[in-house]
Amino acid sequence: MAKNNSQTLFLHTDKKQSNMAEKNRSYYFLIGYCLILIMIGFLSEPVTTLWAGMTRILTSPSNLLTDYIELGTFGSAFVNSGLLTLISVLLAKKEKIPINGPMIAALFTVSGCSFFGKNLYNSIPIIIGGLCYAKIVKKPFSQFIVVSLFGSALSPIISYLTFGISLPLVQSIPLGCFVGVFIGLILPPLASHVLTFHQGFSLYNVGFTSGLIAMMFTGILRMFGWKIEGKNLVSTAYHTKLLFFLLFLFLLMFFVGFVVNHFSLKGMKEISKTSGKLITDFISIAGIGATMMNMALMGLLLVGYTQLSHSTLNGPIVGAILSAVGFSAFGNHILNSLPLLVSVFFTAQFSSVFAVDQTTVVIAGIFATGLAPIAGFYGIIFGLIAGFLHMSLVTNVSYLHGGLNLYNNGFSTGFVAAVMVPLLDNILQIRKVKQHARKRQS
């Protein structure tokens, strides 16, 4: 008996050590990614140029679309993304949170949106608000950190209140920070409730929640006479550099995933069979190696989409790709995402308003993959319809929040899913009733 107990204890300890090693390895991969971004930034230009660019980034209103590569510099945009993501990774490590699909999606979204709206100043207050909420409800912050990281979609509200309404800094900085903490406080309860609105068929749940909050703030500010309008500041001079960066990153990611997966494609089939509906964690389904390979393949698909569209890569497009790649650990794979890309591409081709190479259209195509669960669950035809509806809606909802919600596409996908899913469920129910009636007759 003692021998059996000893053997069980040994196996339990061995498994615990293996899980700990897996957890630490995932953190090392993420930290390595952050260091690559920071290194690219520092090697791109002199420190004085980089610092001047960082200053412009930190003091910008930052509402959509503000390309930090154009506003700041190429290097400062990469350093901003790397530093903000690194802080987020270290915060998650401090809270001893296991790296899973939702966490990877949150971290890559932070990284991606740090190319066109998030920075060290405007993101921290929202995370502090999440910490305060955890204290108030007397629960560990680890339960809310993912929502807080996603919630930095509302960072432009803080920057706009600080630098965009012509108040003295002694008033605008406390105002911006106070509103940021307040946003961080209300996000967790709202996000959990809003999930029922689209029933998990939009991957960007916090994006939709953030859109509702930004819409309310924008309405209040406009009521008192402040004009809030979107921007269209994008770079055009760094297409080749950004293309090489993305190809290098995704090829490296696939190779590392292949090695971690013991030089096999095991798990990829399991990933491709999922609908992607929230909550689908590919790491728990197939492991970190297969998940990294899936992320890399999705990244290469999205880069291919931008080249087919003949678009010029810039900060917002790169940010959109990185964000969607993050969700490739949490719902997206090629089979459920491709119908959305095809739909947006052809919708833009036949539209008299949109150009297929336009930055906002390309971003709409990339983020339309947030509706991938519809294609995965209901089929390709309904995925194509979802992409068409998203393209028709996304450029209109931006007025509601004035660019103060970085996840404008997440706002749109929430509406599309909320309209389509009840109708599709009703159609399926009618079909089941008819099939059941036929069986009874036969």
Side-chain angles (χ1 to χ4, degrees), residues 60-66 109 113 116-118 122 126 147 150-162 164-165 176 179-180 182-184 186-187 189-191 193-198 201-234 316 319-320 323 344 347-348 351 353-354 358-368 370-371 386-421:
S60 162
S62 294
N63 50 327
L64 285 174
L65 279 168
T66 302
T109 301
C113 290
F116 65 101
K118 297 183 184 181
N122 64 19
I126 294 174
V147 173
F150 277 130
S152 52
L154 293 166
S155 297
I157 292 179
I158 299 164
S159 287
Y160 185 82
L161 290 175
T162 306
I165 59 175
V179 170
F182 176 72
I183 289 170
I186 64 175
L187 262 172
L190 285 176
H193 177 73
V194 165
L195 183 61
T196 60
F197 185 72
H198 53 75
F201 282 91
S202 169
L203 295 177
Y204 308 143
N205 181 53
V206 180
F208 183 72
T209 311
S210 300
L212 295 175
I213 295 172
M215 183 174 66
M216 294 180 67
F217 269 96
T218 301
I220 292 168
L221 291 172
R222 283 174 176 159
M223 186 170 63
F224 288 100
W226 280 305
K227 280 190 175 181
I228 304 174
E229 297 175 349
K231 289 184 178 180
N232 191 29
L233 181 67
V234 293
S323 301
V344 171
T347 300
S351 169
V353 177
F354 304 121
Q358 194 177 336
T359 292
T360 52
V361 173
V362 174
I363 292 173
I366 294 167
F367 278 129
L371 290 165
F388 171 79
L389 292 176
H390 174 69
M391 189 67 247
S392 67
L393 185 63
V394 69
T395 53
N396 292 299
V397 297
S398 58
Y399 174 78
L400 297 175
H401 54 75
L404 297 184
N405 172 30
L406 293 176
Y407 305 161
N408 179 56
N409 283 267
F411 195 31
S412 172
T413 58
F415 282 117
V416 173
V419 170
M420 286 189 69
V421 170

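These numbers were taken from a predicted model, which means no experiment stands behind them.
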K118 and S155 have their tightest heavy-atom pair at CG-OG, 4.1 Å
Can you find a pair of side-chain heavy atoms, one from V416 and one from V394, that are under 4.5 Å apart?
no
Looking at every non-hydrogen atom in both residues, tell me the closest pair between G151 and I126 and how far apart they are.
O-CD1, 3.4 Å
Between T413 and F208, does the side chain to side chain contact (heavy atoms under 4.5 Å, CB included) criterion hold? Intermediate values first, please.
CA-CA 8 Å; T413 58; F208 183 72; over 6 Å; no
Just by distance, do the side chain of Y407 and the backbone of F150 share a donor-acceptor pair under 3.5 Å?
yes
Where is the tightest heavy-atom contact between S62 and L406, given as atom of each residue plus distance?
O-CD2, 4.2 Å
Any donor and acceptor pair, going by atom type alone, linking the side chain of T162 with main-chain N or O of I158 inside 3.5 Å?
yes
Donor + acceptor pair across side chains of S412, H390 (<3.5 Å)
yes
Any side-chain heavy atom of L190 sitting closer than 4.5 Å to one from L212?
no
From L371 atom CG to Y204 atom OH, the distance as rounded to the nearest 0.5 Å:
8.5 Å
Determine the minimum heavy-atom distance between I183 and I213, stating which atoms define it.
CG1-CG2, 4.5 Å
When the ring centroid of F415 is compared with that of F411, is the distance short of 6.0 Å?
yes
Taking N122 for the side chain and G176 for the main chain, is one N or O donor matched with an acceptor at less than 3.5 Å?
no
Student check: side-chain heavy atoms of I165 and Y160 closer than 4.5 Å:
yes
Quick one: does any side-chain atom of N408 pair with a main-chain N or O of G403 as donor and acceptor, under 3.5 Å?
no
Measure the shortest side-chain to side-chain distance between L65 and I363 over non-hydrogen atoms and say whether it is less than 4.5 angstrom.
yes
Should we count CZ of F354 as having more than 12 external heavy atoms under 6.0 Å?
yes
Enter the distance from M391:CE to N409:CG here, rounded to the nearest 0.5 Å.
8.5 Å
Shortest non-hydrogen separation from R222 to G402 and the atoms involved
NH2-CA, 3.8 Å
Can you check whether K231's main-chain N or O pairs, donor with acceptor, with N63's side chain at less than 3.5 Å?
no
So do N205 and H198 actually touch side chain to side chain, heavy atoms under 4.5 Å?
yes
Atom CG of L154 and atom CZ of F182: how far apart are they, to the nearest 0.5 Å?
11.5 Å
Distance-minimising heavy-atom pair for N405 and S210
OD1-CB, 3.5 Å
For V234, which of T359, T66, T360 qualifies under side chain to side chain contact (heavy atoms under 4.5 Å, CB included)?
T359
